[in-house]
Amino acid sequence: MQILVLNSGSSSLKFKLFSMPKANVLCSGIVERIGLEDAKFKYKTKAHSITFTSAIANHNAALELVSQQLLDAETGSITSVNAIAIVGHRVVHGGKYFKGATLITEAVISKIKSLFSLAPLHNPANLEGITVAASIFPNAQQIAVFDTAFHQSIPEHAYKYAIPNSYMEKDDIRLYGFHGTSHKYVSATAIKHLNKAESKLISIHLGNGCSMTAIQNGKSIDHSLGFSPLNGLIMGTRCGDIDPSIIFHMAKQHGYSFDEINTILHKKSGMLGLTGHSDLRDILENAEHGDRNCQLALSMSAYRIKKYIGSYAAVLNGLDAIVFTAGIGENAPKIRDMVCERLDYLGIAINPSKNNTTLGTGVLDISAAHSKVKVLVIATDEELEIATQAAQLIGN
């Protein structure tokens, strides 16, 4: 059975084609800069890769192009659209409504639309991908996997905010959590690696967006992102935790509108606001050459992660392992070293030579021999998690 997984962004479309149940990747790729004359198409199989630039007007054109290039690496032939049994979609915000993979119906589409205001940069683009895929792959079952679903197990005392009850009852203002597909995948992988179903883990997803989850026995019990993907850790362009009164100060003292403040906190803050760079590779290089702003930003980021590790260790009442994942978590030994430094009180210590080993795929254990807590680096695979959940939903 072939499952196509789509991650539709505002100007991009990521895809990966699986042969299930063996989870063989037949091909994968991305269409970037959709809507521009120089849109880029990247595509690869185990045997070869293709990159070319072309004018791609919209998501419909992008997915049409993808459908024409889908190659079954097992047969060497182009996959017919009729061979796709399932199209699995990443949807960022499912609110309180979805706890797992969901067959897409008109009612589900209506719920996704109702959550546009909670994820304005993501849900509209996710829904566009669903709409386009339904027309191009009419015989496939369309299934949504929500980033928020994994966090539906968070207890009320952790997800509720200390504001008047009416705001949660009428407006559903509460902690939802994000990156759930990644946290679910790496925590399940860690549990299997540790061979310990009853476990206490902290997963640390570090990319342009960052989040941490406290996971007990495979279930999320607390998470650093909340009502939106803005708070918590310092991110590429997002501020993370700040005093909410700063928003009112910016409005009153500087005359900013709420839309302007929203743009500042989402797109001009975080590492970009601190250093002028949002790409960690640039920040690490400049820090190495003595740029104090970059050095301070790295220290601030590591310090924030440490605070959450301490907090979640308390919530979990102990700790079996911490897991680093996503682009930065998997590929930045310096960040892992800064985070784990001076955490010996919690029994966390890393082996420097192991920490500087390239991950590749799978699980990399970078723990020192005397570390009481395992420190793992796990390559996340959100597309595989979506394909697996989709296959399980329809019983294949």
Side-chain angles (χ1 to χ4, degrees), residues 10 92-93 95 115-124 148 151 154 157-179 204-213 222-280 282-283 286-287 291-312 315 328 335 338-339:
S10 58
V92 167
H93 214 310
L115 296 164
F116 276 8
S117 63
L118 300 188
L121 301 180
H122 299 92
N123 272 34
T148 49
H151 303 298
I154 294 176
H157 65 260
Y159 72 64
K160 189 173 181 180
Y161 293 121
I163 57 177
N165 290 327
S166 60
Y167 290 101
M168 193 179 89
E169 294 164 357
K170 295 179 181 179
D171 297 329
D172 294 326
I173 296 177
R174 50 160 286 184
L175 183 151
Y176 289 106
F178 300 91
H179 298 139
I204 308 170
H205 178 106
L206 303 177
N208 190 53
C210 303
S211 65
M212 292 173 60
T213 305
D222 206 351
H223 180 74
S224 62
L225 294 171
F227 180 68
S228 76
L230 182 62
N231 64 307
L233 306 181
I234 298 170
M235 294 169 257
T237 64
R238 284 172 268 174
C239 61
D241 289 338
I242 62 169
D243 182 339
S245 65
I246 293 172
I247 295 171
F248 307 115
H249 175 83
M250 293 172 73
K252 291 180 179 179
Q253 296 299 118
H254 299 286
Y256 290 126
S257 68
F258 286 122
D259 284 343
E260 288 172 327
I261 295 171
N262 188 56
T263 298
I264 291 169
L265 299 184
H266 275 92
K267 298 182 178 181
K268 298 181 179 180
S269 298
M271 300 302 265
L272 178 63
L274 293 170
T275 69
H277 306 280
S278 61
D279 191 315
L280 185 76
D282 296 329
I283 297 168
N286 290 341
D291 187 312
R292 186 181 181 281
N293 286 336
C294 290
Q295 292 170 348
L296 179 59
L298 292 173
S299 295
M300 290 171 64
S301 178
Y303 179 76
R304 185 75 58 85
I305 297 169
K306 285 176 186 280
K307 287 175 66 175
Y308 272 92
I309 290 174
S311 172
Y312 287 167
V315 166
I328 294 171
I335 298 299
M338 293 178 70
V339 168

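Counting begins at 1 with the first residue of the sequence.
- With hydrogens and angles disregarded, no donor-acceptor distance shorter than 3.5 Å links the side chain of D171 to the backbone of I173.
- Checking side-chain atoms of H223 against main-chain N and O of M212 turns up a donor-acceptor pair under 3.5 Å.
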Next item on the list: Take Y308 and D241 through the test side chain to side chain contact (heavy atoms under 4.5 Å, CB included) and record every step on the way to the result.
Entry: CA-CA 11 Å; Y308 272 92; D241 289 338; 2.7 Å; yes
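- Around NZ of K268, the count of heavy atoms belonging to other residues, nucleotides or ligands within 6.0 Å does not exceed 12.
- When side chains are defined from C-beta on, I305 counts as touching S301, because their heavy atoms get closer than 4.5 Å.
- In this structure a side-chain-to-backbone donor-acceptor pair under 3.5 Å is missing from N208 to M235.
- Note that NZ of K160 and CG of N165 are 3.5 Å apart. Values are rounded to the nearest 0.5 Å.
- Looking at L298 and I283, their side chains come closer than 4.5 Å, going by heavy atoms from C-beta outward.
- Residues C239 and L230 form a side-chain contact, since some pair of their non-hydrogen atoms from C-beta on lies under 4.5 Å apart.
- In this structure, L265 and I242 have side chains that are in contact, with non-hydrogen atoms separated by less than 4.5 Å.
- The closest side-chain donor-acceptor pair between S257 and D259, if any, does not fall under 3.5 angstrom.
- Looking at S269 and I264, their side chains come closer than 4.5 Å, going by heavy atoms from C-beta outward.
- Formation of a donor-acceptor pair under 3.5 Å by the Y159 side chain with backbone atoms of H151 is not found in this model.
- For H93 and F116, the ring centers sit 6.0 Å or farther from each other.
- Shown here is K306, whose NZ atom has more than 12 heavy atoms of other residues, nucleotides or ligands within 6.0 Å.
- Taking CD1 of I234 as the start and CG of L206 as the end, the distance is 11.5 Å to the nearest 0.5 Å.
- Inter-residue side-chain proximity for Y161 and Y167 is flagged as unmet; no heavy-atom pair is nearer than 4.5 Å.
- To the nearest 0.5 Å, the span separating CD1 on I154 from CG on L175 amounts to 5.0 Å.
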Next item on the list: Please assess V92 against L115 for the test side chain to side chain contact (heavy atoms under 4.5 Å, CB included), listing each intermediate value before the final yes or no.
Entry: CA-CA 10 Å; V92 167; L115 296 164; over 6 Å; no
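- Counting only heavy atoms from C-beta outward, the side chains of F178 and T148 approach each other to under 4.5 Å.
- Sequence neighbours left out, the pairs with a member in residues 233-256 that pass ring pair (Phe, Tyr, Trp, His ring centres under 6.0 Å) are H249-H254, H254-Y256.
- Of all heavy-atom pairs between C294 and H277, the closest is SG-CD2, 4.4 Å.
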Next item on the list: Could you check T275 against N286 for side chain to side chain contact (heavy atoms under 4.5 Å, CB included), going step by step and ending with a plain yes or no?
Entry: CA-CA 9 Å; T275 69; N286 290 341; over 6 Å; no
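- In this structure, NE2 on H266 lies 4.5 Å from OG on S228, to the nearest 0.5 angstrom.
- In this structure, the side chains of L225 and H205 stay at 4.5 Å or more apart for every pair of heavy atoms.
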